[in-house]
Colleague: 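First, the structure itself, so that you have it in front of you.
Bear in mind the structure is a predicted one, so any value in this text is a computation, not a measurement.
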Amino acid sequence: MPELPEPFDDGRAINHTGAGGGTDLAMDEGETLEKTPGGPQGTGPDKKPRSLWSDAWHDLRRNPIFIISGLIIVFLVVIAIWPQLIASGNPLDCDLSKAQEGSQPGHPFGFNGQGCDVYTRTVYGARASVQVGVFATLGVTILGSVLGGLAGFYGGAWDGVLSRITDVFFAIPVVLGGLVLLSVVSSNSVWPVIGFMVLLGWPQLSRIARGSVITAKQNDYVQAARALGASNNRMLLRHIAPNALAPVIVVATIALGTYISLEATLSFLGVGLKPPTVSWGIDISSAAAYVRNAPHMLLWPSGALAITVLAFIMLGDAVRDALDPKLR
């Protein structure tokens, strides 16, 4: 009887089955697959899937546009709250003997037509501009999101009435509306300007929120929640609103810079903020008459305004790229 060849031994364990066969899967390889987090493709049970917001934050932290614009905005907010950190003077202290003079030691931006320090007024002007932009954006976002979200969720007569109201507001030119409405206001406060921006700005956010809610409520998870007996309030607040906020946040971020620019435009036309309030728009308006003889009076406040608006637009573009799944 011929001798059978000895089995090949490569150091791997052989597990015999009850039917007399065997599997040659090595124990050490099996242990490696079990201990590797997420398995060979990184999709194991130990690895939690990231949400849209965590994915967006992961992308934003690696976006240089977001980092640069964020640093500029943080700096603007800090000097708006504490302008004395980088400007020790008083923006209302003026010396007519120094009117329209250029840069001097201690006064790097020169003086305006009234002899006020342009550097100090430029720093303090950030407070009014940022305040108007932030509160106008908050008001527009809250009012537009609530009205548009309810219209998109319930539909029917509520949706029809809101759509016709937004059409009326869209037909009003913003600058012309500001000239008409703010010309009768004599207050030096920023709140009339903020109220005007909220009044004419909410329809845009309302229409975006409406469309986003209509899209979100057609998803399967919302239909499943409805089938399980979830109430309208629970579906709207727990399932629809968190998934419909992304377009609203993107538009609101970009609109913040637009509102700052609008405040400067209205102040330049004489119907926005009024002296003694310190504002970039007021300084640009007063410097327009001296642009040939003293261009520095116009350069610095207009440059600060341009950088601020650009920073918020860049921030909005970065947020849009991070929150839009089609761009991934």
Colleague: Under 3.5 Å, is there a donor-acceptor pair between the side chain of S129 and the main chain of A126?
Modeller: no

Colleague: Under a 3.5 Å distance rule, please check whether K217 uses its side chain to pair with a backbone N or O of M235 as donor and acceptor.
Modeller: no

Colleague: Mind checking whether V74 and V77 sit in one hydrophobic cluster, side chains of I, L, V, M, F, W, Y counted as touching below 4.5 Å?
Modeller: yes

Colleague: Indicate yes or no: at least one non-hydrogen side-chain atom of I254 is less than 4.5 angstrom from one of F312.
Modeller: no

Colleague: What do you reckon, is CD of Q114 surrounded by more than 12 foreign heavy atoms closer than 6.0 Å?
Modeller: no

Colleague: Can a donor-acceptor pair be found, under 3.5 Å and without considering hydrogens, that links the side chain of T141 to the backbone of T137?
Modeller: yes

Colleague: Check whether S279 reaches the backbone of A128 with its side chain - one donor and one acceptor, N or O, closer than 3.5 Å.
Modeller: no

Colleague: Answer yes or no: is there a donor N or O on one side and an acceptor on the other, between the side chain of W280 and the main chain of T122, under 3.5 Å?
Modeller: yes

Colleague: Does the H107 side chain pair with the main chain of C116, one donor and one acceptor, at a distance under 3.5 Å?
Modeller: no

Colleague: When rounded to the nearest 0.5 angstrom, what is the spacing between OG in S212 and CZ in R207?
Modeller: 15.0 Å

Colleague: Can you measure from CG (D283) to OH (Y124) and round to the nearest 0.5 angstrom?
Modeller: 14.0 Å

Colleague: Can a donor-acceptor pair be found, under 3.5 Å and without considering hydrogens, that links the side chain of S267 to the backbone of I282?
Modeller: no

Colleague: Between S145 (side chain) and I142 (backbone), is there a donor-acceptor pair under 3.5 Å?
Modeller: no

Colleague: Name the residue from I194, V193, L200, L199 that meets the side chain to side chain contact (heavy atoms under 4.5 Å, CB included) definition with M197.
Modeller: V193

Colleague: Output yes when a side-chain donor or acceptor of T166 lies under 3.5 Å from a complementary backbone atom of L162, and no otherwise.
Modeller: yes

Colleague: Can you check whether F111 reaches R121 side chain to side chain, under 4.5 Å on heavy atoms?
Modeller: no

